[in-house]
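Notes follow once the structure below has been shown.
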2 protein chains.
Amino acid sequence: MPTLPIDLPECLVFLLGKAYQKAHADFKARIQPYGLTNMQHLVLEGLWYRQGMTATELGRCLILDKATLSGVLDRMEAAGWIEKRPDPEDRRQMRLYTTKKADALKDELIRERREANEELLADFTTEERVLLKRLLRDLIG
Amino acid sequence: MPTLPIDLPECLVFLLGKAYQKAHADFKARIQPYGLTNMQHLVLEGLWYRQGMTATELGRCLILDKATLSGVLDRMEAAGWIEKRPDPEDRRQMRLYTTKKADALKDELIRERREANEELLADFTTEERVLLKRLLRDLIG
DNA sequence: CCCGTATGGTTCGCATGCGAAGGAGGTCAA
DNA sequence: TTGACCTCCTTCGCATGCGAACCATACGGG
């Protein structure tokens, strides 16, 4: 059985990638049944925080490239999760709103997110949880 | 200026994603000049650790899906970074080896990786660095 | 020896993720 | 008012990332 190359467990780029891979996969398993991807769920959380954001605002808010967001929003609109309404003041921008279909799942989806975090952190002490989040926030800058 | 939704800085899935995004982008900027992607660099590190692994072994070693690896290995072979040799004992599997072109960059690439880690952790104390890595390793399981 | 099954890789489909270029729509100053 | 410039968004190209279906090869029993 192959093991990890000696240095990789010391490489932060690698560790972050694999930790994200695991967190992403766990969360995916939870929200897949709702017909949503992780990214789509993230967009909904962003819009529940503030409806009517433009794509650029949402992208800044979620730290996402607008090129990436463009496709995500298209698919979400096609699937009926969000609505794009052109801003009457400035026809370049699209204002984004969640639909009733999405809002109906709001409580459940937020619960899934909380539980997913709980599950990921199950083996950590309270101090470790706080510390890990702080270190990651500091890393992001 | 939009800010993060209240809960997201508490959401580990989100934090890990963004921390990875940053680490990945920083490392990409370092590796791009060599004509390599992060994933391709990772494959080289794996093979430098043990030459002649099969794709399945390498995938287990780097925690990668074989479907993902297949395309990566194709592009790396086409670009002359690695060689695939069919195993004479079992013609289903391919043994993987780095080429001279790759080996010539070995020291420099490993230095880039060390420096990238150093840069990411620049603002952390020694204790914090050790702790962050331990927490991430524990998370991966 | 032959069939059923397991395994190693490839391929396809879909969803990110981002750099770069482009098109449509504003803005402002000459 | 018109041309230079800026911004919002879309589109394209390329590289992951992974589930699922497939193909070729190996292996174990009968």
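Scope of the values below: all heavy atoms of this structure, side chains included, with no hydrogens, waters or symmetry mates. Convention: sequence-line order gives letters A, B, ...; per-chain numbering from 1.
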Query - Residue closer to the 5' end of DNA chain D, A/K18 versus A/T54 (nearest nucleotide) - result: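 By nearest-heavy-atom nucleotide position, the 5'-most residue is A/T54.
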Query - Full working for side chain to side chain contact (heavy atoms under 4.5 Å, CB included) between B/L132 and A/L15 - result: CA-CA 10 Å; B/L132 177 57; A/L15 287 174; over 6 Å; no
From [X] [atom1] over to [Y] [atom2], what is the distance, rounded to the nearest 0.5 angstrom?
X      : Y      : atom1 : atom2 : answer
B/L62  : A/K18  : CG    : NZ    : 7.0 Å
A/E115 : A/L120 : CD    : CG    : 12.5 Å
B/R95  : B/I82  : CZ    : CD1   : 14.0 Å

Query raised in the report: What are the two closest heavy atoms between B/K106 and B/W48, and how far apart are they?
Result: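 Looking at all heavy atoms of both residues, the closest pair is CA-CH2, 3.5 Å.
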Residues [X] and [Y] bridged, charged N to O under 4.0 Å:
X      : Y      : result
B/R114 : B/E118 : no
A/D26  : A/K22  : yes
A/E83  : A/R85  : yes

**Report entry** Worked check of side chain to side chain donor-acceptor pair (under 3.5 Å) between A/Q51 and A/T98
**Finding:** CA-CA 7 Å; A/Q51 297 278 343; A/T98 56; 2.8 Å; yes
Report summary line: The first and last nucleotides of DNA chain D lying within contact of chain A, meaning any atom under 4.0 Å from one of its heavy atoms, run from D/dT7 to D/dC18
Query raised in the report: Listed by chain and number, what are the ring pair (Phe, Tyr, Trp, His ring centres under 6.0 Å) partners of B/Y20, not counting sequence neighbours?
Result: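 Once residues adjacent in sequence are excluded, the partners of B/Y20 under the ring pair (Phe, Tyr, Trp, His ring centres under 6.0 Å) criterion are A/Y20, B/H24.
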Query raised in the report: Taking for each residue the nucleotide of DNA chain C with the nearest heavy atom, is it B/L73 or A/E89 whose nucleotide lies nearer the 5' end?
Result: B/L73
Query raised in the report: So, for B/H41 and B/F27, is the gap between ring centers shorter than 6.0 Å?
Result: yes
What is the separation between atom [atom1] on [X] and atom [atom2] on [N], rounded to the nearest whole Å?
X     : N      : atom1 : atom2 : result
B/R91 : C/dA6  : CZ    : C1'   : 17 Å
A/Q93 : C/dG26 : CD    : C1'   : 10 Å
B/E57 : C/dG9  : CD    : C1'   : 14 Å
A/M94 : C/dG23 : CE    : C1'   : 15 Å

Report task. Please list, by residue number, the residues of residues 21-44 of chain A whose heavy atoms come closer than 4.0 Å to an atom of DNA chain C; answer none if no residue qualifies. Result -> A/T37, A/M39, A/Q40
Query - Audit row: B/V72, B/T37, side chain to side chain contact (heavy atoms under 4.5 Å, CB included) steps and yes/no - result: CA-CA 10 Å; B/V72 175; B/T37 64; 5.9 Å; no
Please tabulate, for side-chain N and O atoms in residues 133-141 of chain B, each donor-acceptor pair with protein atoms closer than 3.5 Å (sequence neighbours left out).
| unit_1 | atom_1 | unit_2 | atom_2 | d |
| --- | --- | --- | --- | --- |
| B/K133 | NZ | A/E10 | O | 3.3 |
| B/K133 | NZ | A/E10 | OE1 | 3.1 |
| B/R134 | NH1 | B/D138 | OD2 | 2.8 |
| B/R134 | NH2 | A/E128 | OE2 | 2.9 |
| B/R137 | NH1 | A/P9 | O | 2.6 |
| B/R137 | NH1 | A/E10 | OE2 | 3.4 |

Report task. For DNA chain D, find the residues of residues 65-72 of chain B with a heavy-atom distance under 4.0 Å and give them by number; none if there aren't any. Result ->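 Result for residues 65-72 of chain B: B/D65, B/A67, B/T68, B/V72, sorted by number.
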Requested in this report: Enumerate, in order of first residue number, the stems that involve DNA chain D, defined as 3 or more consecutive Watson-Crick or G-U wobble pairs with both distances under 3.5 Å.
Outcome: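 Stems found: C:1-30 with D:1-30.
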